[in-house]
**Student:** 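Starting off with a structure, shown below.
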Amino acid sequence: MRAFYLESYGCQMNLADSELIAGVLSGCGYRPTDAAEDADVILLNTCAIREHAEQRVAQRVRQLIAARGYREGVKIGLAGCMAQHHREKLLSMVPGLDFVVGPDGYRRLGELLEAEAPTADVQLDRDETYEGLLPARADGVRAWLTIMRGCNRFCTFCVVPYVRGRERSLPADVLIEELETIAASGYREVVLLGQTVNAYRHDGVDFGELLRRCAAVDGIERVRFTSPHPADMTDSAIEAMGDCPEVCPYIHLPLQSGSDTILEAMDRGHTVSEYRELVSRLRDAVPGMSFSTDIIVGYPGETEEDFEATSSMMDEIDYDHAFLFKYSAREGTRAYKVAETVSEKEKGRRLQRLIEEQEHRSLASNHRTLGLPTEVLVEGPAKRQNGWMSGKNPQFKTVVFEPTDAGPGDLVRVEVSSATSHTLVGRQTGL
Ligand code: 5AD
Ligand code: SF4
């Protein structure tokens with residue numbers, strides 16, 4: 001049997017797409033392998049969000065092509081957002097590359113692999129939702145379920161609408177059926193995925209209604225979702241979060257900047273005070289609500305004052321976690337044409353400041369849980385603490401605890417006895 005080797009980069013949507021790719025390849029008679037040197041097909045599922053992500057892949061694929069040497073018939077390809085971003089140009093940019101496939105071409109992977117000459121399949125398709133294709137899901141307690149694809153927002157800095165195409169949602173009935181299969185396979189938690197996941201809408205079913213229907217599926221103990229857009233967060237979704245105990249009290253809500261001037265320049269579609277109001281509506285509706293965010297520093301025009309506004313907004317919202325990025329100009333986006341005003345060095349300084357502030361904030365937040373019980377969905381052995389168990393609490397914090405009879409998939413109560421900025425440590429006190 002022929003084998004494929006798949007390496008994945010980027011966001012959870014892309015990792016979920018890798019499961020889809022693996023499903024398609026299995027359907028074409030390939031088996032997965034962890035060793036690139038044994039594979040007949042080597043595929044990197046790539047990310048294009050920042051230049052750094054692309055540079056890493058460019059290096060890695062050249063390395064794999066060199067290692068392949070003259071092994072007959074071994075094909076190497078690039079999939080995902082970077083493939084879509086550069087399209088067929090990649091075939092000449094990377095000598096030895098056999099195929100390029102964008103996020104809407106995975107259904108045709110089998111044919112692509114039969115092609116005699118280097119080929120690109122980079123047609124975006126407004127209708128492709130991958131309905132009917134079965135992903136080969138990784139084992140574990142948590143499954144991903146892609147409920148919508150694409151993005152219509154065109155934030156000025158972002159390449160996603162260009163490489164993922166327009167918004168399209170899957171029918172709710174199809175999703176619920178798939179979630180029932182997911183539950184029957186033993187998963188206890190689902191993460192609903194989409195580039196703007198809360199823009200979900202199909203045949204009159206909105207995101208709030210879908211959350212309720214997912215929460216009602218037998219065997220699914222926890223429902224999460226990522227990433228929502230602040231301007232798409234409706235009362236219907238907030239009420240569903242408040243009403244359904246299965247929907248976790250945690251939201252990753254990208255802020256990008258705490259300055260109205262920059263938010264407007266980015267065309268984010270909301271102001272700082274609208275974001276603030278949304279956070280307080282969520283806090284009022286959902287007990288124990290926890291927030292994380294994405295921030296970009298050094299967007300063109302960002303002054304010291306704008307940056308300070310971001311820093312104080314982060315303090316005010318009191319995020320439990322933040323993904324912090326230096327602005328990276330992406331060809332094809334609207335902001336690409338705008339001259340940069342913040343030097344790399346200054347971006348680095350601003351980033352470092354926010355990283356340090358967030359570390360303190362996360363630590364303080366974790367310290368507030370000391371002595372309190374928290375519910376953990378057990379995933380398996382802890383990575384660092386030998387013999388200990390690990391899982392997530394509803395707020396998506398990692399909790400490690402002394403070993404008990406509890407195993408993967410169990411929901412247990414753990415009392416927190418110590419904490420770092422990234423992990424809660426404790427002892428199981430109940431089921
Ligand atoms: N430069 C830096 N960060 C970016 N992001 C998206 N595009 C860029 C860019 N050009 C960040 C945003 C987004 C997250 C997924 O990546 O913060 O929310
Ligand atoms: Fe990119 Fe904005 Fe769409 Fe998010 S909402 S994927 S940041 S364009």
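Residue numbers run from 1 in the order of the sequence given. The structure displayed is predicted, hence computed values, not measured ones. Atoms within a ligand are numbered from 1 in the order they appear, just like the ligands themselves.
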**Student:** Any idea which protein heavy atom is nearest atom 4 (C) of ligand 1, and the distance to it?
**Tutor:** R50 NH1, 3.4 Å
**Student:** Would you indicate which of Q256, R330, K347 comes nearest to atom 12 (C) of ligand 1 when only heavy atoms are counted?
**Tutor:** Q256
**Student:** C151 heavy atoms, cut-off 4.0 Å: which ligand 2 atoms fall inside?
**Tutor:** 3 (Fe), 5 (S), 6 (S), 8 (S)
**Student:** Does the pair E340/K347 count as a salt bridge with the N-to-O cut at 4.0 Å?
**Tutor:** yes
**Student:** Would you mind listing which atoms of ligand 1 come within a distance below 4.0 Å of any non-hydrogen atom of K326?
**Tutor:** 1 (N), 2 (C)
**Student:** For Y319, does the six-membered ring have the charged nitrogen or CZ of R361 within the cation-pi criterion, i.e. under 6.0 angstrom from the centroid and within 45° of the normal?
**Tutor:** no
**Student:** Could you tell me if Y336 and T156 have a donor-acceptor pair between their side chains, going purely by distance under 3.5 Å?
**Tutor:** no
**Student:** Identify the closest protein heavy atom to atom 18 (O) of ligand 1: which residue and atom is it, and at what distance?
**Tutor:** D294 OD2, 2.7 Å
**Student:** Give the residue and atom name of whichever protein heavy atom lies nearest to atom 9 (C) of ligand 1, and the separation in Å to one decimal.
**Tutor:** S328 O, 3.5 Å
**Student:** Is Y327 close to ligand 1, meaning an N/O of one under 3.5 Å from an N/O of the other?
**Tutor:** no
**Student:** Check this for me: does any side-chain nitrogen of one of R212 and E209 sit under 4.0 Å from a carboxylate oxygen of the other?
**Tutor:** no
**Student:** Check step by step if ring pair (Phe, Tyr, Trp, His ring centres under 6.0 Å) holds for H252 and F323.
**Tutor:** CA-CA 10 Å; H252 178 71; F323 296 90; 5.5 Å; yes
**Student:** Just verifying a value: how many Å separate M82 CE and E51 CD, rounded to the nearest 0.5 Å?
**Tutor:** 10.0 Å
**Student:** Among all the protein's non-hydrogen atoms, which is closest to atom 8 (S) of ligand 2, and how far away is it?
**Tutor:** C155 N, 3.3 Å
**Student:** Please list, in number order, the atoms of ligand 1 under 4.0 Å from a heavy atom of I296.
**Tutor:** 3 (N), 4 (C), 5 (N), 12 (C), 17 (O)
**Student:** Evaluating non-hydrogen atoms only, which member of H229, Q195, M266, Q256 is closest to atom 5 (S) of ligand 2?
**Tutor:** H229
**Student:** One thing to verify: whether E221 and R188 come together as a salt bridge, which I'm taking to mean a side-chain N less than 4.0 angstrom from a carboxylate O.
**Tutor:** yes
**Student:** Please indicate whether E305 has more than 12 foreign heavy atoms, meaning atoms of other residues, nucleotides or ligands, lying under 6.0 Å from its CD.
**Tutor:** no
**Student:** Considering the heavy atoms of C158, write down every atom of ligand 2 situated less than 4.0 Å from one of them.
**Tutor:** 1 (Fe), 6 (S), 7 (S), 8 (S)
**Student:** Any idea which atoms of ligand 2 are less than 4.0 Å away from a heavy-atom of F157?
**Tutor:** 7 (S)
**Student:** Take C214 and L210, measure what side chain to side chain contact (heavy atoms under 4.5 Å, CB included) needs, and give me the verdict at the end.
**Tutor:** CA-CA 6 Å; C214 290; L210 185 70; 4.1 Å; yes
**Student:** Looking at non-hydrogen atoms alone, which of R268, R164, R153 comes nearest to atom 7 (S) of ligand 2?
**Tutor:** R268
**Student:** Using a strict 4.0 Å cut-off to heavy atoms of T196, name the atoms of ligand 2 that fall inside it.
**Tutor:** 5 (S)
**Student:** Considering the heavy atoms of F154, write down every atom of ligand 2 situated less than 4.0 Å from one of them.
**Tutor:** 8 (S)
**Student:** Under a 4.0 Å N-O cut-off, is there an ion pair linking R107 with D121?
**Tutor:** no
**Student:** Can E167 and R149 be counted as an ion pair, charged N to O under 4.0 angstrom?
**Tutor:** no
**Student:** Show me which atoms of ligand 2 lie under 4.0 Å from any heavy atom of P161.
**Tutor:** 8 (S)
**Student:** Below 4.0 Å, non-hydrogen atoms only: which portion of F157 touches ligand 1? Side chain, backbone, both or neither.
**Tutor:** both
